Amino acid sequence: MENSIAAKIREINLQLEGSEAQLVAVSKFHPVEALRQAYEAGQRMFGESRVQELLSKVPHMPEDVQWHFIGHLQTNKVKALLPHVSLIESIDSERLLALVDKETLKLGITVRVLMQVHVAQEETKTGFLPEELTDYFKRRAYETLQATHICGIMGMASNTEDKDRIREDFKAIRRSFDEIRAMCPDLRGFDTVSMGMSGDWPEAVQQGSTLIRVGTAIFGHRQY
Ligand SMILES: *Cc1c(COP(=O)(O)O)cnc(C)c1O
């Protein structure tokens, strides 16, 4: 009998058919055994929000796993993360971006990142305001990066039951992405809009998400 993690992944992928979006399985706070079940079901992109936890899982999973970092990245953890991460989705300041670039260059590798944009109501969520992000690209500040590819943006909708509000938040994230892309046609590979979680990913896909980050709906509730 198919396990329930595999069944959920299959179900979500079925619903994503015909859309541009791909699934990142958010495995934070779940044991390697759960990740293995997801892997067996064909899942390759996994999202983690703490560097130590991601690093502890890497040796126990096959090499072709693509690790996405989705949490607040502390500056003292950047160096350890870089060799193992496929995409840092949560660049939330220019200072962090500059540091990531510097450390990546030192390692002689390259890194792919998303800029995190803050559109939600909650003050607690981090990231650039849409106007700060526009300003960053208008100044063409990214031209100074030597080892970092900015591949798109990541955002979260407000934590609310109000579907209209959620839709507006996703629209704002997508709008920010489209604006930047139109303004900077030289930004190659700028093609990713990461938005949508367990409670709201169908709305995110409707509004043009290309990457959904789903944890609870696959793995169940987290044991903190
Ligand atoms: C935890 C987390 C998710 C997944 O949330 P679920 O509600 O469990 O799907 C997605 N994105 C980010 C940035 C997260 O921290």
Side-chain angles (χ1 to χ4, degrees), residues 4-13 15-16 21-31 34-35 37-38 41 43-57 65-74 77 81 85-93 96 100 112-129 133 151-163 165-166 169-170 172-174 176-177 192-224:
S4 68
I5 289 174
K8 277 167 184 153
I9 286 173
R10 241 178 279 280
E11 196 181 309
I12 293 170
N13 279 324
Q15 291 184 61
L16 290 180
Q22 290 189 300
L23 171 64
V24 177
V26 176
S27 48
K28 62 188 185 195
F29 296 95
H30 291 286
L35 279 74
Q37 288 179 28
Q43 184 63 35
R44 292 295 178 269
M45 288 188 278
F46 290 85
E48 291 282 340
S49 61
R50 297 182 304 173
V51 172
Q52 285 318 322
E53 184 175 348
L54 187 154
L55 295 180
S56 77
K57 287 173 176 172
V65 163
Q66 295 159 37
W67 297 99
H68 287 208
F69 189 79
I70 62 170
H72 174 65
L73 181 52
Q74 292 169 273
K77 304 269 171 68
L81 175 68
V85 76
S86 160
L87 182 66
I88 300 175
E89 296 204 18
S90 45
I91 297 292
D92 56 12
S93 72
L96 176 63
V100 164
R112 296 162 65 241
V113 305
L114 304 181
M115 303 291 257
Q116 186 170 349
V117 61
H118 174 117
V119 299
Q121 285 160 324
E122 297 90 52
E123 291 289 331
T124 50
K125 294 200 167 113
T126 56
F128 295 87
L129 294 173
L133 210 51
C151 300
I153 71 177
M154 181 271 258
M156 277 181 251
S158 304
N159 186 11
T160 169
E161 297 290 302
D162 179 356
K163 293 281 176 198
R165 172 73 211 206
I166 290 170
D169 286 349
F170 287 143
I173 295 167
R174 177 71 206 202
S176 178
F177 170 80
T192 303
V193 188
S194 175
M195 59 184 191
M197 314 185 358
S198 289
D200 56 21
W201 68 261
E203 284 78 19
V205 171
Q206 268 178 13
Q207 300 308 325
S209 172
T210 70
L211 212 53
I212 62 172
R213 309 176 309 271
V214 179
T216 311
I218 295 171
F219 297 109
H221 288 287
R222 293 178 278 273
Q223 306 278 324
Y224 292 103

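Small disclaimer: the values here were computed from a predicted structure and weren't measured. First listed ligand is number 1; within each ligand, the first listed atom is number 1. Computation of the quantities below employed the complete heavy-atom set of this structure, encompassing side-chain atoms and omitting hydrogens, waters and symmetry-equivalent molecules.
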(message) Quiz question: by atom type and distance under 3.5 Å, do the side chains of Q121 and T160 form a donor-acceptor pair?
(response) no

(message) Could you tell me if Q116 and S90 have a donor-acceptor pair between their side chains, going purely by distance under 3.5 Å?
(response) no

(request) Can you spot which of L87, I153, I70 makes a side-chain contact (heavy atoms from CB on, under 4.5 Å) with L114? (result) L87

(request) Indicate yes or no: does E53 engage K28 in a salt bridge with an N to O separation below 4.0 Å. (result) no

Which residue owns the protein heavy atom closest to [atom], what's the atom, and how far is it?
atom: atom 12 (C) of ligand 1; value: I70 CD1, 3.6 Å
atom: atom 11 (N) of ligand 1; value: R213 NE, 2.9 Å
atom: atom 5 (O) of ligand 1; value: M197 CE, 3.6 Å
atom: atom 14 (C) of ligand 1; value: K28 NZ, 3.0 Å

(message) Counting only heavy atoms not in N159 (residues, nucleotides, ligands), do more than 12 fall under 6.0 Å from its CG?
(response)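 Atom CG in N159 is not packed in, count stays at 12 or less.
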
Considering the heavy atoms of [X], write down every atom of ligand 1 situated less than 4.0 Å from one of them.
X: T216; answer: 6 (P), 7 (O), 8 (O), 9 (O)
X: G215; answer: 4 (C), 6 (P), 8 (O), 9 (O)
X: V214; answer: 9 (O)
X: M156; answer: 13 (C)

(request) Would you sort out whether T210 and Q22 count as a side chain to side chain donor-acceptor pair (under 3.5 Å), showing the intermediate values? (result) CA-CA 6 Å; T210 70; Q22 290 189 300; over 6 Å; no

(message) As a check for students: among G47, A25, S198, G196, identify the option with a heavy atom nearest to atom 6 (P) of ligand 1.
(response)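 Of the listed residues, S198 has the closest heavy atom.
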
(request) Indicate the atoms forming the closest heavy-atom contact of S86 with R112, along with that distance. (result) O-NH1, 3.2 Å

